[in-house]
Peer 1: 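For reference, the structure I am asking about is given below.
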Amino acid sequence: MLIRDDLSYGTTPKVRDTCLGLHVQRAARAVGRHFDEFLRPVELTNQQFSLLMALNQPVPPPMGRVAELLAMDRTTLTAALKPLERRRLVKVTVDETDKRSRRLILTATGRKLLAEALPLWKRAQGQVERLIQGMSPDEFRAVLRALS
């Protein structure tokens, strides 16, 4: 069988410059670092802030729903919860109606920290939104949701 070698070096810059996967990954990392920097004074990462915010609900949500919202598998979510549990920001409990399920509770300490973090997040969010050009932030979010 003859194998054609169409993988010339000229292909590399073309893929590098046009690959949506690469550009979305790079943008996600850069935006994540931006939010991490703003949230540093309250000792939270962007991921932790998003997780705590996902728990800010009238009824503690089940783990599966939070994992889905954050586009994480349950194992990754469990690992992300550990440091928040150690800091007593989150409590994991057995669901009273389904003993196989877990509910995630934002503690009073977690709620207080989240309230402190919110103004920092708003500043970071404003800076990122000002960088979006050619469409409104809502249109950009719609494109990102379509990709996810």
Side-chain angles (χ1 to χ4, degrees), residues 7 9 11-148:
L7 191 60
Y9 173 71
T11 304
T12 300
K14 180 175 176 63
V15 170
R16 177 198 65 213
D17 295 344
T18 61
C19 179
L20 292 174
L22 172 64
H23 290 287
V24 168
Q25 285 175 338
R26 289 182 66 181
R29 288 184 190 114
V31 170
R33 284 191 303 268
H34 175 78
F35 279 92
D36 286 348
E37 186 63 34
F38 272 80
L39 294 167
R40 185 171 287 133
V42 290
E43 298 179 13
L44 287 175
T45 66
N46 179 51
Q47 180 188 37
Q48 291 170 332
F49 174 83
S50 295
L51 175 48
L52 291 174
M53 191 58 74
L55 303 184
N56 186 36
Q57 298 184 31
V59 176
M63 185 177 276
R65 196 169 57 197
V66 174
E68 184 179 321
L69 171 73
L70 298 174
M72 293 178 159
D73 59 59
R74 291 173 62 99
T75 304
T76 303
L77 176 57
T78 298
L81 286 165
K82 297 273 186 231
L84 300 175
E85 284 183 281
R86 282 193 296 272
R87 290 176 65 185
R88 294 194 163 94
L89 304 175
V90 171
K91 184 176 179 188
V92 179
T93 62
V94 174
D95 189 313
E96 292 179 10
T97 59
D98 180 358
K99 302 298 182 199
R100 298 168 299 165
S101 184
R102 301 289 177 264
R103 295 236 171 219
L104 306 179
I105 300 170
L106 180 64
T107 66
T109 304
R111 194 172 186 69
K112 181 176 182 276
L113 185 63
L114 194 54
E116 289 176 37
L118 189 58
L120 303 173
W121 174 86
K122 285 180 180 179
R123 284 185 33 228
Q125 178 76 4
Q127 284 188 3
V128 171
E129 285 187 349
R130 284 189 289 280
L131 293 174
I132 299 169
Q133 298 177 1
M135 65 177 73
S136 75
D138 286 337
E139 291 169 322
F140 185 66
R141 279 185 280 275
V143 170
L144 293 174
R145 276 192 296 277
L147 290 172
S148 63

Peer 1: Looking only at heavy atoms, which two atoms of P61 and A54 are closest? And how far apart?
Peer 2: CG-O, 4.1 Å

Peer 1: Please identify each residue that fulfils side chain to side chain donor-acceptor pair (under 3.5 Å) with R102, with sequence neighbours left out.
Peer 2: none

Peer 1: Take L77 and L81 through the test side-chain contact (heavy atoms from CB on, under 4.5 Å) and record every step on the way to the result.
Peer 2: CA-CA 6 Å; L77 176 57; L81 286 165; 4.0 Å; yes

Peer 1: In terms of heavy-atom contacts, does CG of L20 have more than 12 from other residues, nucleotides or ligands at under 6.0 Å?
Peer 2: no

Peer 1: At their closest point, which heavy atom of R74 faces which heavy atom of G64, and how far apart are they?
Peer 2: NH1-N, 3.4 Å

Peer 1: Could you tell me whether the side chain of P60 reaches within less than 4.5 Å of the side chain of L55, counting heavy atoms only?
Peer 2: no

Peer 1: Run the side-chain contact (heavy atoms from CB on, under 4.5 Å) test on V59 and R103 for me, step by step, so that the C-alpha distance in whole Å, both residues' side-chain angles and the decisive distance to 0.1 Å come before the verdict.
Peer 2: CA-CA 9 Å; V59 176; R103 295 236 171 219; 4.2 Å; yes

Peer 1: Would you sort out whether R40 and E37 count as a salt bridge (charged side-chain N to carboxylate O under 4.0 Å, His left out), showing the intermediate values?
Peer 2: CA-CA 5 Å; R40 185 171 287 133; E37 186 63 34; 2.5 Å; yes

Peer 1: What pair of heavy atoms forms the shortest contact from S50 to L70, and how long is it?
Peer 2: O-CD2, 4.1 Å

Peer 1: Taking atom CD as the centre, does E68 end up with more than 12 heavy-atom neighbours from other residues, nucleotides or ligands that are less than 6.0 angstrom away?
Peer 2: no

Peer 1: Find out whether L44 and R87 are in side-chain contact, i.e. whether some heavy atom of one side chain is under 4.5 Å from a heavy atom of the other.
Peer 2: yes

Peer 1: Can you tell me how far the CG atom of L84 sits from the CD atom of Q47, to the nearest 0.5 Å?
Peer 2: 8.5 Å

Peer 1: CD/Q57 to CG/L106 distance, rounded to the nearest 0.5 angstrom?
Peer 2: 10.0 Å

Peer 1: In Å, rounded to the nearest 0.5 Å, how long is the span from CZ of R88 to CG of L113?
Peer 2: 15.0 Å

Peer 1: Going through the distances and angles, do F35 and L120 end up as a side-chain contact (heavy atoms from CB on, under 4.5 Å)?
Peer 2: CA-CA 9 Å; F35 279 92; L120 303 173; over 6 Å; no

Peer 1: Output, in order, the C-alpha distance, side-chain angles, deciding distance and verdict of side-chain contact (heavy atoms from CB on, under 4.5 Å) for M53 and L69.
Peer 2: CA-CA 11 Å; M53 191 58 74; L69 171 73; over 6 Å; no

Peer 1: Should we count CZ of R111 as having more than 12 external heavy atoms under 6.0 Å?
Peer 2: no

Peer 1: Can you list every salt bridge (Lys or Arg N to Asp or Glu O under 4.0 Å) pair that touches residues 11-26, not counting sequence neighbours?
Peer 2: none

Peer 1: Does D36 come within less than 4.0 Å of R33, counting only side-chain N to carboxylate O?
Peer 2: no

Peer 1: Indicate the atoms forming the closest heavy-atom contact of P119 with A115, along with that distance.
Peer 2: CD-O, 3.2 Å

Peer 1: Let me confirm one number: the CG-CD distance from D138 to E129, rounded to the nearest 0.5 Å.
Peer 2: 7.5 Å

Peer 1: Hey, could you give me the CG/CG distance between L51 and N46, rounded to the nearest 0.5 Å?
Peer 2: 11.0 Å

Peer 1: Would you mind reporting whether F49 and L52 have side-chain heavy atoms less than 4.5 Å apart?
Peer 2: no

Peer 1: Let me confirm one number: the CG-NE2 distance from L39 to H34, rounded to the nearest 0.5 Å.
Peer 2: 9.5 Å

